[in-house]
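Okay, so here's the structure we're looking at.
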Amino acid sequence: MITRRDLASALAARRLADWVVIEREQDLASIDEQMRVRRVEHRVLWQITVHVDAPVGRGSAHVTLDAVDGSASAAVDQAVALARSSIGPAWMSRPLAAPARVKLEDVALAQQKPIDVVTDVLSELKRPADVAARVSMVREHVRVVARQGFHTEWRATLLRLDALVSAGQRSLAISRQARERAALDGDGALAQAKQDLDLLAAAGPPVAGPCALVLGADALLHDGLGVWSAFASQADAVVERQGLTRYRERAPIAPGAAQVAEPLTIASNGARDFGLLSAPVGDQGDAVRAFALVTRGIAAGLGLTPREGALRGRDPNGGVRNLEVATGSWQGTIEPGPLRVVEVRRLRSLAIDPYTGDASLEIALALEHGTGAPRPFSGGSLRIDLITALARARRSARSITRGAYSGPDAVCIDRAELFG
Amino acid sequence: VLASLGVASAQAALWACGAPAKQMRRRPTEVSPELRTWLHEAVATLRVAGFAAPHALAVSRQRITAAIDVLGAGVARSRCDGLVLAVSGRDGIVREQVTNDLSRAGVMAAVQALAGAARAASVDFGPAPGEFAPVQADPERLSDAQILARVDALASRDRELSSRIVYAAAVLDLDDSRVWSVAPGRDQQQRLIRVRKSVTRVAWNGPRPVVGEAARAWTGTIDDQDLDDADLVAAREGALALMTPRAFEDREYAFALEPAVTANLLDTAVHAWLTTTAANRPEVGPRLASGATFASPLVSLVDDPGAAGAYGGFQFDDAGDPASAVTLVDAGRLVGRLARVRRPGHVGRAEPAASHLRLQPGTVDQDQLLDDGFVLEGPLGASIDPGTDRVVIAVARARERAGGKRTGRQFADIELVGELSKLLGSISGVSKQTRTVGIRDEVDGQPRWRSIEAPWLRGKGVLRARRRPA
């Protein structure tokens, strides 16, 4: 049987530069109405990080064990051996900083069994009878111990809803995640999907050509962070050090990005209460901190692991986590007029080149605004340089928080080309 | 950096899952020999508690990854245990209790969560399975040095590395799973050693890195198969290929899909259209009723988990049912759907999924398949919208052919777009040569293995440059 104490003892007995053990005790439950399955699960996972110093540098290893039965000593042997075989440039661990003070547990959820929570969430979901949903919950108790006598622990909850909403011969899949039950907003997601299905039933084909482009919340946040994930890739410190990212710290993220009326500002905040990617400390025991990614169009910061932080002489920050994008002053209204505006409500797929920010967007549902009433259409694609387009885009004054994102609920890009 | 390219250094590849070491203590899959007895006890208790179809599925899985690259060498080992107790209630709902504690206490705690204080009764489990057969070059008995020697042999076979190649790696990835399935009247166990060998080459092409990869995957022993010399050459040439800088016009062209691209398309299409879960979508179910035309008459597709040596194959599935072939498409007509459920890593959430897809080969030599058009190589991903049938297949490069020969021009980052039914209906040629592609991805941290045996396909569709036009 592996225990935290045995692991800590085994690590302390070896001559290591540094080590961190993270124990994740998880209770999971889910109900899948489509598959007609109720699942209850209990797991204990271990993450062991070790650093060994040698005359030629430092080696690091990270081991994950998804088992309870076994030998702590053998697991530590494995980690140490890997670290010794992967000596790279030398760096010094900084003293571990205080964990971020962040709430991750919905106390109301913690008082019930996860399977009861899941049952409640499903039963209270406002939906037509033919909507099949899957709800799952994770309740986690995380304990961290490290070489320097550091220890911390926290509890977290996470709810997830997946559903297939149908109307006639069309359907839309929705997915929502939140740490608090009140923030899941399953009813809102289902209502929005139903509204979009009605539009989809009347949708025609796309008409190719130039247009202004409005990305609504569901398109903006396709599959999680959606178009904003282009900035997360650019803020990877390792890739940036190799010169593979498009922008550099303290330089504009795109030509003219600092001169537009409302320059773009983005922050990573892993210390936001109930943030999907929030945590007091990262997987290597490094304290999670909020930091600026882009400040008024200028690249301002990078996600730093302990190693990257040490190599740059800076404090680690836990990497890029929840994104907070500054809202703008655009009221989100699209006036009828001669200018063609395509309002994208949902995407089928979004592919982003992590180096250049070039993206290919496939449209599932959009509204074409012109002089008459908005015309729904389905299909067509857009190929845009997301970094430049978002740097210059007008951002909505209305803010939403969904998953790991908090920011404007829509953006307007002045020029784009719709392909049929 | 290399991970961001879709590849990883030997060290980075191992970072995620564990450790190497010449001096490492062997870590056999130390599951108690009494595990089967405890599973019997669990099922018998659940039976007494009134559950109709109790089933215990246990797995102990060890992953070994060995890699040699330009930075060094290493071996990683990691372990995952799991037990799924599944019972059907009178309401037709399946209840699952899952744990990663395979000790007696862990198994009994899971039983108690479902059955309360019920006591075990006598249940006939049928004949006992034989012991796990001895395996040649058993991964549990091989030292790290012996495993690395195999990777080294693979790495050293291609010595014609150009100075333009900035990264080269050879990787051996083994998933060694012991699976036990116990239910009334059925007591089974299987050992599945899934092996994947691959080489990766990376070279710069202007401001962008280009990745060439060759891989072979199977279930069996570590030395059953190996990469051909031609595979190694193809990986090198794929990375070194100089791309034509200008873009071509977006429009319909004749194309040939190499087997890896065909496999990528089939994998996505089967998941989106041909499972019982997909059939619940109103756009899919009625449109693809049995007998409906799904593809060109040249297309016949079977899911055959019993195929010898298939990377995605097995002897019995995660419900305990024996492997059996399911014909999905026969001469272009839909004749079946995948209802067989699989669990990622044998313990994850059950869902209908393919195991070993086999697309029937044709009669044309692959070199003769395409006179004019583009050969699409290097799958980068495919997406299908089941609601509208829209498909986008991204590939690393399109090689132009004219008059049955290569023109020498090849374009990077190309997408094949259109309606899936139209695309599959346009297939006018199938090669007699096939390749098998093994796929390992993860869901909720658990691996999903599958394989696809595919030929080259000829068809017609809209090709476009993936990058935005200048």
Side-chain angles (χ1 to χ4, degrees), chain A residues 1 28 30 32 34-44 61-70 74 77-86 88 132 164 166 168-172 233 236 238-239 242 244 348-349 351 353-356 358 360 362 364 378-379 381 383-385 417 419, chain B residues 1 4 11 14-25 27 30-31 72-74 76-82 92-103 106 109 113 208 250 277 280-283 286 349-351 381 383 385 387-388 390 392 394 415 417 445 464 466-469:
Chain A
M1 182 76 79
L28 305 92
S30 67
D32 187 331
Q34 196 177 74
M35 297 292 290
R36 298 178 65 75
V37 174
R38 285 167 62 99
R39 181 179 167 104
V40 176
E41 186 169 355
H42 180 79
R43 303 188 86 82
V44 181
H62 187 72
V63 172
T64 300
L65 291 173
D66 184 358
V68 173
D69 204 18
D77 282 347
Q78 280 196 339
V80 173
L82 173 58
R84 287 200 175 123
S85 72
S86 60
L164 185 69
S166 314
Q169 293 302 302
R170 295 178 186 278
S171 64
L172 286 172
S233 312
D236 184 322
V238 180
V239 183
Q242 300 297 326
L244 288 174
R348 288 174 184 146
S349 69
D353 185 314
Y355 309 107
T356 63
D358 285 346
S360 173
E362 290 283 319
S378 181
S381 63
R383 279 169 279 170
I384 50 179
D385 166 4
E417 180 84 17
F419 296 88
Chain B
V1 176
S4 71
Q11 291 161 12
L14 306 176
W15 172 263
C17 54
K22 289 161 188 131
Q23 70 279 29
M24 199 187 88
R25 274 167 47 184
R27 181 67 179 86
E30 286 172 1
V31 172
R77 293 170 187 259
S78 65
R79 183 179 169 189
C80 175
D81 290 346
I93 304 284
V94 174
R95 285 170 175 75
E96 294 179 356
Q97 188 72 36
V98 185
T99 179
N100 66 343
D101 184 354
L102 291 189
S103 66
R208 297 169 64 91
D250 296 357
T277 308
N280 288 328
R281 293 190 78 128
E283 307 94 327
R349 192 166 55 81
E351 61 174 1
S383 72
D385 177 20
T388 56
R390 174 85 168 176
V392 180
E415 288 178 341
V417 297
R464 69 183 189 194
R466 200 179 187 200
R467 295 182 216 170
R468 77 201 139 89

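What you see is a predicted model; the values in this text were computed from it and never measured. Proteins come first, then strands; the chains are lettered A, B, ... in the order of their sequence lines, and each starts at number 1.
- The nearest pair of heavy atoms linking Ser171(A) to Glu283(B) is N-OE2, 2.6 Å.
- Of all the listed residues (His42(A), Glu417(A), Arg38(A)), the one sharing the greatest number of non-hydrogen pairs under 4.5 Å with chain B is Arg38(A).
- In terms of non-hydrogen atom pairs under 4.5 Å with chain A, the most contact-rich of Val94(B), Val98(B), Asp385(B) is Val98(B).
- Here the CD-OG1 distance, from Glu41(A) to Thr99(B), works out to 8.0 Å after rounding to the nearest 0.5 Å.
- Contacts of Leu28(A) with chain B are absent, with no heavy-atom separation under 4.5 Å from either backbone or side chain.
- The part of Ser360(A) that comes within reach of chain B is its side chain, from C-beta onward, which places non-hydrogen atoms under 4.5 angstrom from that chain.
- Arg170(A) CZ to Arg281(B) CZ: the interatomic distance, rounded to the nearest 0.5 Å, is 11.5 Å.
- Across all their heavy atoms, Met35(A) and Ala350(B) have their closest contact at CE-O, 3.6 Å.
- Residue with the most contacts toward chain B among Ala67(A), Ser349(A), Ser30(A): Ala67(A) (heavy-atom pairs, distance under 4.5 Å).
- Counting heavy-atom pairs closer than 4.5 Å to chain B, the top-ranked of the candidates Leu164(A), Leu65(A), Leu172(A) is Leu164(A).
- Interatomic distance, Glu351(B) CD to Gln34(A) CD, rounded to the nearest 0.5 Å: 10.5 Å.
- Contacts of Ser233(A) with chain B are absent, with no heavy-atom separation under 4.5 Å from either backbone or side chain.
- Residues Arg43(A) and Cys80(B) are in side-chain contact: their nearest non-hydrogen atoms beyond the backbone lie under 4.5 Å apart.
- Scanning both residues, Pro282(B) and Gly168(A), for their nearest heavy atoms gives CB-O, 3.4 Å.
- For Val68(A), the side-chain contact (heavy atoms from CB on, under 4.5 Å) partners are Met1(A), Val44(A), Asn100(B), Asp101(B), not counting sequence neighbours.
- Side-chain contact between Ser381(A) and Glu415(B): absent, with no pair of heavy atoms (C-beta onward) separated by less than 4.5 Å.
- Residue contact with chain B, scored on non-hydrogen atoms closer than 4.5 Å, involves the side chain of Glu362(A) exclusively.
- In terms of heavy atoms, Arg36(A) sits closest to Gly92(B) at NE-O, 3.7 Å.
- Looking at Arg348(A), only its side chain comes within 4.5 Å of chain B, counting heavy atoms on both sides.
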